[in-house]
Every structure is written in structure tokens, then in C-alpha cells.
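What follows is a short report on a single structure.
As the structure is a prediction and not an experimental result, all values here were calculated from the model.
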Amino acid sequence: MPLILIAEDEPAIADAVLYALRSEGLDAEHCLLGREIAPRVRQGGVDVVVLDVGLPDRSGFDVCRELRGFSEVPVIFLTARNDEIDRVLGLELGADDYMAKPFSPRELVARVRARLRRSQAGPADAKEQAQGDFELDREGHRIRFRGNALELTRYEYMLLAALLHRPGAILSRAQLMDRGWDSDADSADRTVDTHIKTLRAKLRAAGAENDPIRTHRGLGYALEI
């Protein structure tokens, strides 16, 4: 049974989330303090972390930064703040999703299940990985769409591989550059946008009826598969 770790200091919210998750057949544990989260994740068995930004002892942003130092466990932020800068910061730190309070516990459960499905799609370091219409051959540095190899430049391959690594997650331009660029020579935001544009053209030419690369204004890009 998947285990969801809840880090929330408001008892009413924590109880509602725990009840909603358990009612849907998911196991759930509750942490009150930020310093408890990383040790619990290190113990193993945690499938998703639902993380409040405003914890009593430390910021959820700091907790997420610590987690990303050793784990790729999916993180969903809960916060009373809905400013764009907070959303961008959370996503750039490696969070997978972001929900502003007040929120529907049922919607949170749906988002948790979506993260679980994506996490179970296959190991990130597999030599070949199928993701919907895509097949990623990491060893050969090739990506196929509906069985046909895409003719990609080095940067196009790196960007699409990064999006395939976390399908559905919004990756900022900075995150995509971190994964696709090994120098600062081409590190302007418009460079990422240009390569995304050429990727979209090649996917259309390969038979994609709908654009699988979604633009999230002010945040970045996500691959829907």
C-alpha cells in the first residue's frame, strides 16, 4: 500500500487530509515539524510527501531543498500563499505540484494518485523507458515517438529527456537548463523557448495531433503523455 507522508502543523487540515487519503485506500503518516521529514524519508517506504510551506520550525522550501539532496520522492506543496513567486520557487526547488489553501481534500487525493502513477511508470535510470507514445533510449541517446526515431539535436534530446523523466511535472527554464546545458554559453531563457519550439515542430511532423508540451506561463513547461 502506498505511503503518503503529511507535513502539516494545523491539526484540522492534517486530520482532513489523513482521513481523505485513508478513505481512498492509501496509508498516511503525519509529521508536525520540518526536521522530522528527511529522517523519515531516509528510512524508506515513503511514496509521496505532502509538505506545508509554513511549518513551525523551518520553511517547507528548506525541507524540499534538503530532500532533493538525496531523494526524488514526489513532493506536493500545501501553502496559504498563492503568489506566483512562491509557486516558481517551490517548483524550481524540485517540487512536483503546488496547492494553495483552502483546498479540496478530494482534489489533493487525486493529485497524489497522479504522482503515484507517474512514479510507478518505470525507473528513471532504465536503459529504455516507455512513456505513453514516447520511448526513451538513454543508452543510445534516442527518443522514439509512436515507434519512429526523432531526429533531435543534442539540446532537443536533453530537454525532451528531462521532460520525460518527470511527466506532468512543471519544469522551469532554470531546471531544464540545469539538465540540458553543461555551460552558460546558451543559458538565456529564450534559448530554451527556441528549442521547445523546434521540438514541437518535430513532434507535429511525427504525427502528434495535439501538442504534448504544455506551456505554463510564468512557471515553465510540462509534458503530458
Side-chain angles (χ1 to χ4, degrees), residues 1-82 86-126 129 131 164-171 175 216 219 222-225:
M1 181 185 300
L3 174 63
I4 317 303
L5 183 63
I6 312 299
E8 169 62 57
D9 67 327
E10 296 184 43
I13 294 177
D15 289 345
V17 171
L18 290 167
Y19 177 79
L21 290 167
R22 290 166 179 166
S23 296
E24 292 295 322
L26 299 170
D27 198 5
E29 292 182 10
H30 178 222
C31 286
L32 177 63
L33 300 176
R35 63 174 177 266
E36 300 173 343
I37 299 166
R40 178 62 189 89
V41 172
R42 286 185 185 276
Q43 290 176 15
V46 176
D47 295 286
V48 177
V49 176
V50 178
L51 178 58
D52 185 22
V53 170
L55 294 169
D57 60 332
R58 62 186 302 200
S59 165
F61 294 140
D62 291 337
V63 174
C64 185
R65 186 182 291 109
E66 181 181 9
L67 290 176
R68 285 296 172 257
F70 67 90
S71 174
E72 287 296 319
V73 63
V75 173
I76 300 175
F77 271 129
L78 297 179
T79 178
R81 300 181 294 186
N82 196 28
D86 291 322
R87 296 198 304 272
V88 171
L89 177 58
L91 294 168
E92 287 188 345
L93 288 173
D96 297 85
D97 208 344
Y98 199 106
M99 292 190 70
K101 300 174 182 177
F103 60 89
S104 161
R106 291 181 63 185
E107 181 183 354
L108 175 60
V109 171
R111 295 194 186 197
V112 166
R113 287 198 177 280
R115 292 297 139 198
L116 289 170
R117 287 195 298 271
R118 288 161 185 158
S119 298
Q120 294 165 359
D125 59 353
Q129 183 178 0
Q131 300 264 32
L164 280 166
H165 177 54
R166 295 175 63 192
I170 302 171
L171 298 183
Q175 286 177 297
H216 295 263
L219 298 177
L223 185 69
E224 303 294 336
I225 62 174

Taking all atoms of both residues into account, what is the closest heavy-atom pair of Arg22 and Ala28, and its distance? NH2-O, 2.8 Å
Considering all heavy atoms, the nearest Ile37-Cys31 contact: CG1-CB, 4.3 Å
Just by distance, do the side chain of Asp52 and the backbone of Ala7 share a donor-acceptor pair under 3.5 Å? no
So, the side chain of Arg68 versus the backbone of Val73: is there a donor-acceptor pair under 3.5 Å, distance only? yes
Atom of Asp47, atom of Pro2 and distance for their closest heavy-atom approach: OD2-CA, 3.2 Å
d(Leu51 CG, Leu78 CG) to nearest 0.5 Å is 8.0 Å
So CZ of Arg113 and CD of Glu24: to nearest 0.5 Å the spacing works out to 5.5 Å
Count the heavy atoms of every other residue, nucleotide or ligand shown that sit under 6.0 Å from CZ of Arg58, and state whether that count exceeds 12. yes
Under 3.5 Å donor-acceptor, Asp96 side chain and Ala169 backbone: no
Specify the closest pair of heavy atoms between Ala222 and Gly168, including all atoms of both residues, with the distance to one decimal. CB-O, 4.0 Å
Arg106, CZ: over 12 other non-hydrogen atoms inside 6.0 angstrom: no
What is the distance from atom CD1 of Ile6 to atom CG of Leu108, rounded to the nearest 0.5 Å? 6.5 Å
dist Asp62:CG -> Leu67:CG (nearest 0.5 Å) comes out at 11.0 Å
Find the distance between CG (Leu18) and OG (Ser23) and round it off to the nearest 0.5 Å. 10.5 Å
At their closest point, which heavy atom of Met99 faces which heavy atom of Phe103, and how far apart are they? CE-CB, 3.6 Å
Would you give the length of the straight line joining atom CG of Leu3 to atom CD of Glu29, rounded to the nearest 0.5 angstrom? 4.5 Å
Can you see which heavy atom on Glu8 is nearest to which on Leu55, and at what distance? N-CD2, 4.0 Å
Between Arg115 (side chain) and Val75 (backbone), is there a donor-acceptor pair under 3.5 Å? no
Examine distances only and state if a side-chain atom of Arg42 and a backbone atom of Ser71 form a donor-acceptor pair shorter than 3.5 Å. no
